[in-house]
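Naming convention: chains lettered A, B, ... in sequence-line order (proteins, then strands); numbering from 1 in each chain.
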Amino acid sequence: MKPMMTDRDDLRFDAGTVLTGKWHGHRYQIVRRLGSGAQGMVYLARACERKVAVKMAKDRASLISEVNVLKKLETLRGEPLGPSLFDSDDWIVNGRTIGFCAMEYLEGTPLQEALKRTSFDWTVVYLVQLLKHLQRLHETGHVFGDLKPENLMLMNPGHSVRFLDFGGATRIGRSVREYTVFFDRGYWGLGTRKAEPGYDLFACGMIMIYAALGHRFEKKGQGEGQLLQVIRTLPRLAPYQAVLAKALKGRYVSADQMRRDLLNHIMEKQEAPAACGKRSRSRANAGGGWLGAWVTASCIMTAYVLFVIVYVM
Amino acid sequence: MHKGTLKQILLITDGCSNQGEDPVAVAALAREQGITVNVIGVLDRFDSEDGRGLQEVEGIAAAGGGISQIVQTRQLSQTVQMVTKQAMTQTIKGVINRELQDILGESETVEDLPPEKRGKVMEVVDELGETMDLDVCILVDTSASMKAKLPTVREALQDLSMSLSARMGNNQFCLYLFPGKRKQAQKVTAWTSDIGNVERTFEKIGTHGVTPTGPALKEAVKSFSQLSKKNLLFHDEAYDDGPR
Ligand SMILES: Nc1ncnc2c1ncn2[C@@H]1O[C@H](COP(=O)(O)OP(=O)(O)OP(=O)(O)O)[C@@H](O)[C@H]1O
Ligand SMILES: [Mg+2]
């Protein structure tokens, strides 16, 4: 998609290749490829026995802006929002200059894979986490921009979500640097491409829809009606209809507000199986034993989800 | 401080010119006058990649100091806005390179600076890209083979307008179609800050056989002189940040 830039194929290097930074002189040995995107290629590499992720850019300008944001986030205290940045340099290979940065290797599962594997109850948990991070990011004066499962990582121990790719991060008030149509409110005719918290919150809503449906889809006719229709018809989304509609229509002013609202709805949803449990118990007396087992199972499920919400958040 | 205005021509076509002067030469002339020429070649699944068309698309953009990109029809929207924004960055970088020549030395450019310094320069480039005014003259090929692609072109232009209106700087657009009914290129929308209403102009057009890309480019270059400083409107165009 990117014009006038190095082709992605040109960024393919074999395991064992050593790159040396032109300016800072650090050496990195490529171990394997971690992934690739519109902006370039990411490798797992070793630097003095330490594992790092090396991102090579097709377009150095976009990498630099990403590095600028990562640097700003370094100064944030508390739980890190994304990978920490180690180095940013150029590598000269075969007369070509490739810009790269070395950052913390985030060991985990990319969210788009995690979403496929885990139940929808978990999706909601990830979203609550994500909204907490977004609130902190927005407080630094940036929106994430290109918010989508591919740009989020589920860390291995702890089930906590981290941001991966800050290439789309944009100062609030500017025009969003990078976006992906499915998660872009502009594409759906539900707002501008101006960087403001609501832009990211819309994408959060779309992540939920994507997770419930399992795939992306294209706009047909009027975007708003189509999305609202999807929300109404997907049973999994039923408990969150109101939250989603608000996020998509840009009614939330902050990530915190959406997070609180979402949490409330999750908690309310917890009551539903319990109430339903009572009803089935009265019938269970007359009926068979499996209903009792079902009630127990759903209680355990509920307790489990509650546990996760209380301890992981 | 007045930051100046970026001027671009955006040519959307699907093939070769076959009438009038050489479009590559006209693009070079445009560049001489401070106008960048970007070219988007639209193909659909059924178009074979015609070598000559491709060469022309690249040639025009290279001569016009802009960016070229060949895309499938359905990717048009994303490409149009990306090409426009990248060309802006490219132009600004070019200007900065020239301005910094004294500091950088003859053969050096911003790209040769160490990453930290380059990072600072890129922040300035970003800032300018966000705040400078932008004039884009859009030139759409409506020769017969483009007919089926025109609805997508229309959507892409609306999308472009939306992307650019999110910037802090002002934008102005004008729209020419070629070939025109009587002339080689026909102006359908005069300079305006809102191309939201291109929809209707697209419905009226008929498609023709010839493709006078060169003469059309020339018309587009001329359109910038109509944008004299006096009638530079200060638009009240405010966007709706809030919910719709
Ligand atoms: N720090 C990291 N640790 C582990 N894996 C990573 C890291 N950074 C990137 N990856 C992997 O590489 C993939 C591509 O990375 P990234 O999204 O940063 O690239 P990109 O070129 O900016 O992509 P795009 O712009 O298309 O989203 C990710 O989806 C992820 O799987
Ligand atoms: Mg990515």
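Residue E116(B) holds its CD atom at 8.0 Å from CG of D89(A), rounded to the nearest 0.5 Å. Between the CD atom of Q78(B) and the OG1 atom of T180(A) there is a distance of 7.0 Å, given to the nearest 0.5 Å. For the atom pair NZ of K85(B) and CD of E178(A), the computed distance is 10.0 Å after rounding to the nearest 0.5 Å. A distance of 4.5 Å separates CG of N68(A) from CD of E123(B), quoted to the nearest 0.5 Å.
Atom NZ of K120(B) is surrounded by 12 or fewer heavy atoms from other residues, nucleotides or ligands within 6.0 Å. Shown here is K117(B), whose NZ atom has no more than 12 heavy atoms of other residues, nucleotides or ligands within 6.0 Å. Counting non-hydrogen atoms of neighbouring residues, nucleotides and ligands closer than 6.0 angstrom, the CZ atom of R216(A) exceeds 12 such neighbours.
Using a 4.5 Å cut-off on side-chain heavy atoms (C-beta onward), D159(B) and R193(A) make contact. By the 4.5 Å heavy-atom criterion applied to side chains, T97(A) and E111(B) are not counted as neighbours. Proximity of Y179(A) to Q81(B): side-chain heavy atoms (C-beta onward) are separated by under 4.5 Å at one or more points.
If you measure heavy-atom distances from N38(B) to chain A, you find no contacts under 4.5 Å at all. With a 4.5 angstrom heavy-atom cutoff, I40(B) does not touch chain A via any of its atoms. Residue contact with chain B, scored on non-hydrogen atoms closer than 4.5 Å, is absent for V253(A).
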Checklist entry - Between D90(A) and R118(B), is a side chain to side chain contact (heavy atoms under 4.5 Å, CB included) present by the stated rule, with each step listed? => result CA-CA 11 Å; D90(A) 294 327; R118(B) 204 163 61 215; 2.9 Å; yes
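Each of R174(A), R171(A), R177(A) was compared with D126(B) under the salt bridge (charged side-chain N to carboxylate O under 4.0 Å, His left out) criterion, and only R177(A) meets it.
Residues S88(A) and P115(B) come closest through the heavy atom pair O-CG, 3.2 Å.
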